[in-house]
Amino acid sequence: MSTKMFKWMRLGVIMLLLAGMFSLAPEQQVQTAAAQNQPSVGMVCTTAGSNPTFTLATQSGYIILPDGNTMFMWGYSLGGQPFQHPGPVLCVNEGDTVTVILQNNLAEDVSIVFPGQEGVLANSAPAQPQFDGSGNLTSLTNVAPPGGSMTYSFVASHPGSFIYESGTHPEKQVRMGLFGALIVRPAMGPDFVYNRADSQFDSNEEFLVLLSEIDPYLNQAVEQGKIFNMNYYHPRYWLINGRGFPDSIADNFTSWLPNQPYGALARIHPWDPNPFLSDGVTPNPAYKPYPGAIHYLNVGTEDFPFHPHGNNGLVIGRDGQPLEGPAGEDLSFEKFDINIGPGQTWDVIFKWYDAEGYNEANNPVPITIPDPANMTYGMFYSGSPYLGVMGPMPVGMSTLNQCGEFYIISHNHALYQITSWGVTMSGPITYLRIDPPLPNMCP
Amino acid sequence: MHKQFSRRDFLKAAGSAAIATIGMQKLSKILLPAEVVKAQGPAPDLYFAGTDGWIYLPPDPPISFFHPDNLAPAPFTTYIFGFRNITGLNSTQISAQKEKAQHNAPLFWVNQYDPANPKDFRMQLTNLGLAVRPDLTDSHTIHWHGFRNVIPFFDGEPTSSISVPVGQNFTYIYRPREPGTYMYHCHVEDVEHVHMGMTGLVFVRPLQDGNTTLYPSGKFAYNDGDGSTGFDREFAMFLSEVWAEAHWADAHIQLPEWSDYHADFALLNGRVHPDTLAPNGSIDPFNPVRDASGDLIPISGYEHLQHQPLSALITCQQGERVLLRFANLGFKEAAMTLAGIKMRVVGRDATLMRGRDGTNTSYETNTLSISAGESFDVIFTAPPHSGGSGPDKYVLYNRSYARSDNLAGGFGGQRTEVHVYPAGSLAAQQYPNDWGI
């Protein structure tokens, strides 16, 4: 349908209005404080030194969706911080003893399970599933009662990407937003995904893709204190890092999404393994020998087949386990469709470069570039096929492109899920932004 | 005829570009007349058009309001958007293909780019508009799904590059450096255009092809170095879906609520069983056969499949190695099960099943779970013929049973058969999915 531009304009207006509203709210100042020293693009790690202790408090609040709707959610926030969605990305080191103090501000029992961690303690005793007096399972682990707390701890014994989420009525509580990511850095260092030399990545290019879903009627029932019949559960929204496109490509901690701090834009430079220019002497300013890394996590209830255009992911680990054989054989595999299952985590490294090395001066694209009047131009297009070049726009059109950078889309390929209860081309979509090699003119 | 027309068409395009150049010269270097001259260069290897059209799905049982569509011309039932191969047609014939789209989109393949013998694959795309929805002036693109390290200009994602408005043309250049099975689709209004049927399968033949030492046929799925992906016959198995309400909505100027999505029909090579077993129409993209108007020629006895020309029947002789190339551009995961013959997965997402250190990660299975947007290359060896008359038959079907029936239960949907003949029964394949009968 050709109503897309209208939708964008409408979204823009909504965002401006919301930004105006929330700029008055005290929460934003806290968020801004939290945003200090954090990257505007890329995975935002919450750290607390070695053998860290994190206080996670359950909160309720609202998020903003691409159709202009707002949604009542629950979430884990760092102690003393307002509601955020999703929970903080906890980054720890292999071997750390990790302590998580759960403070419960909700009116029902909540908990946290750490799938992939062994030997989890709850208040210093082995964490145990909970049963009622009749032997019915009530929680997958020990709970924090309303107004109370529970302290979990475990040794992060192996590196990888993990989910943490509620283990209490998870069919409701996880769907309400009680989830987050846990990244365990390997002993080899923070620029490795696993303890394998071939898992090294460029630490400036580390990204999170946390995929989730929302049935608005479930959230409405919870907000109004009503019963929700789980047989009618039917997601209408799908999100990436707690946002839907186009919010997904806004910066981390952007002001108009005060409770959705995590963007999903990936911003990189082209992979270039040559340390020297062709003379073999002059250092190559574009030298970028390591791939980027993406941690994919699915907290939804069905497979999400995520498709990165133009840069296949090399899957090097799943569920916090490196893909290797008993003798260290490499069992990694390249995918253009990261079909991540519910509760799974996939660790992927990727390289983007122009396989043809097209450039305006001496390797032009072998077609006539059409007159702008004869083509439909996208709003992120630079007007030129070449990286770092801006070309003319059709009369009356402006571009969001800043410096001839490339944008390459990534999205869920179960395409009915890149909608937001009626607004198509939203939901779990993001872009890979490829800046021209340094030095460049990009802001 | 073909060359004459292509040249004239390019000259036309060049002319309009030249006029624009006069006005635009001060704005940019990219419209230099020198490049306009190049437009008279190579003819496209293939020339596709995006438009709308009609296909046939079993009308019984009906789905209230939505199926069969009351606007559908007999014998068809279902409104689609789609592509057609218009390579070699004249401009009158091309115009006549509006509302004559096919599903799935034409199967095509490209040889792996050989740096020692460089040759661009040129895919020209035009947009004929939508006859049933003249109010919709959607552009179209070709997105080659899975193509690695491509610039946005040739990726077909419209927001980050350009797309082709009604009446215009664009030529995509492909230098595929990685063999395997891919898929392609229009990426404009992705949710709608993909579901409406602008989807097809494309694969890349490896440089290793022709090496009869590694495997006698000299045909391979990948550059395996050991012949493990050699095959005698190959069949594309393309999965797509039809949610009748969404297709009806597009014909009737309505919008569906996409989060209500479900697959009423699950299609294999654009058809549902038992039509999957019907003969091929003209499916060799490089030697297309059309009627005088340029339209596809109805298949005798299967006239309802005029715009669904790709058969899914798998024919082979005992002992032969058969390559099945699966790609799924439906929105749901499929579970394709081959009863009675084990399959070896040799490739996935156009990647040979090998670790970076060469570790063999291929495996045998009877069921493939294929996600939306995923591809698999599997090879099976045809078992010995039992000796009776006619071929031995094996069934390939979607283990998600709701998608291997046609609404009414029973057998339908994503279901086909493997027919195994005694040695010496079949001719060599002339092109993929050729029965050899």
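Atom set for the values below is all heavy atoms of this structure, side chains included, hydrogens, waters and symmetry mates excluded. A, B, ... follow the sequence lines: proteins, then strands. Residue 1 opens every chain.
No donor-acceptor pair under 3.5 Å is formed between the side chain of A/H309 and the backbone N or O of B/V150. Judged by distance alone, the side chain of B/R122 and the main-chain N or O of A/P366 form a donor-acceptor pair under 3.5 Å. Side-chain atoms of B/N149 never come within 3.5 Å of backbone atoms of A/D354 as a donor-acceptor pair (strictly under, hydrogens ignored). Using modelled atom types, one side-chain atom of B/D357 and one backbone atom of A/D330 make a donor-acceptor pair closer than 3.5 Å.
Of the two parts of B/A350, the backbone and the side chain both hold a non-hydrogen atom closer than 4.5 Å to a non-hydrogen atom of chain A. B/H185 touches chain A through its side chain: at least one heavy atom from C-beta onward sits under 4.5 Å away, while N, CA, C and O do not. For a residue to count as touching a neighbouring chain, one of its non-hydrogen atoms must lie under 4.5 Å from one of that chain's; by this rule A/W271 does not touch chain B. In this structure, the portion of A/I316 lying under 4.5 Å from any heavy atom of chain B is its side chain and not its backbone. Interface remark: A/Y358 contributes side-chain atoms only to the contact with chain B (heavy atom separation under 4.5 Å). For chain B, no part of A/P270 is nearby; none of its heavy atoms comes within less than 4.5 Å. Looking at B/M196, there are no atoms closer than 4.5 Å to chain A (heavy atoms on both sides), in backbone or side chain. Proximity to chain B (any heavy atom under 4.5 Å) is shown, for A/L323, by neither the backbone nor the side chain. Neither the backbone nor the side chain of A/N412 comes within contact range of chain B; no heavy atom of the residue lies under 4.5 Å from a heavy atom of that chain. Neither the backbone nor the side chain of A/Y237 comes within contact range of chain B; no heavy atoms are under 4.5 Å apart.
A salt bridge between A/E334 and B/R148 is present, with a side-chain N of the basic residue lying under 4.0 Å from a carboxylate O of the acidic one. A salt bridge does not link B/K332 with A/D303: none of the charged nitrogens is closer than 4.0 Å to a carboxylate oxygen.
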Could you walk me through whether A/Y431 and B/T159 satisfy the side chain to side chain contact (heavy atoms under 4.5 Å, CB included) test, starting with their C-alpha distance in whole Å, then the side-chain angles of each, then the deciding distance to 0.1 Å, before giving a yes or no? CA-CA 10 Å; A/Y431 278 84; B/T159 312; 3.2 Å; yes
Go through the steps for A/S332 and B/R356 under the test side chain to side chain contact (heavy atoms under 4.5 Å, CB included), then give the verdict. CA-CA 7 Å; A/S332 68; B/R356 282 172 288 179; 3.3 Å; yes
Passes side chain to side chain contact (heavy atoms under 4.5 Å, CB included), B/D190 versus A/I418? Steps please. CA-CA 9 Å; B/D190 207 18; A/I418 56 170; 4.3 Å; yes
Quick one, B/V191 with A/M425, criterion side chain to side chain contact (heavy atoms under 4.5 Å, CB included). Give me CA distance, side-chain angles, the key distance, then yes/no. CA-CA 7 Å; B/V191 182; A/M425 309 307 287; 3.8 Å; yes
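Counting heavy atoms from C-beta on, the side chains of B/S375 and A/F336 come closer than 4.5 Å. Side-chain contact check for B/F170 versus A/T368: every heavy-atom pair is 4.5 Å or farther apart. Side chains of B/P158 and A/Y377 form no contact here, defined as non-hydrogen atoms less than 4.5 Å apart. Using a 4.5 Å heavy-atom threshold, the side chains of A/V365 and B/F154 count as touching. A/T376 has its side chain out of reach of B/I162: every pair of non-hydrogen atoms, C-beta onward, lies at least 4.5 Å apart. Looking at heavy atoms from C-beta onward, A/Y407 lies out of side-chain contact with B/D155 at the 4.5 angstrom threshold.
Relative orientation of the B/F153 and A/Y381 rings is parallel, given thresholds of 30° and 60° on the angle between their planes. The aromatic rings of A/H411 and B/H187 stand perpendicular to each other, their planes meeting at an angle above 60°, with 30° marking the opposite boundary.
By the side-chain hydrogen bond (donor to acceptor under 3.5 Å, both in side chains) test, B/H145 is found to be paired with A/H307, A/H413, residues two or more places apart in sequence or in another chain being considered.
The greatest number of non-hydrogen atom pairs below 4.5 Å with chain A, out of B/T351, B/L352, B/T361, is found for B/T351. When each of A/N311, A/D198, A/I408, A/T419 is scored by its heavy-atom pairs under 4.5 Å with chain B, the top score falls to A/D198. Here B/R348 is the residue among B/M353, B/H195, B/R348, B/E333 with the most heavy-atom pairs under 4.5 Å with chain A. Taking chain A as the reference chain and counting heavy-atom pairs below 4.5 Å, the highest number among B/D260, B/D120, B/V164 is found for B/D260. Interface check for chain B: of the options A/E356, A/K351, A/H234, A/E302, the most heavy-atom pairs under 4.5 Å are formed by A/E356.
Considering every non-hydrogen atom in both A/D337 and B/S371, the closest pair reads OD2-CB, 3.6 Å. Between B/S259 and A/P235, the shortest heavy-atom contact is CB-O, 3.8 Å.
No side-chain donor from either of A/Y416 and B/E257 sits under 3.5 Å from a side-chain acceptor of the other.
Within a 6.0 Å radius of OH in A/Y217, no more than 12 heavy atoms belonging to other residues, nucleotides or ligands are found.
Atom CG in A/L400 sits 12.0 Å away from atom OG in B/S160 (nearest 0.5 Å).
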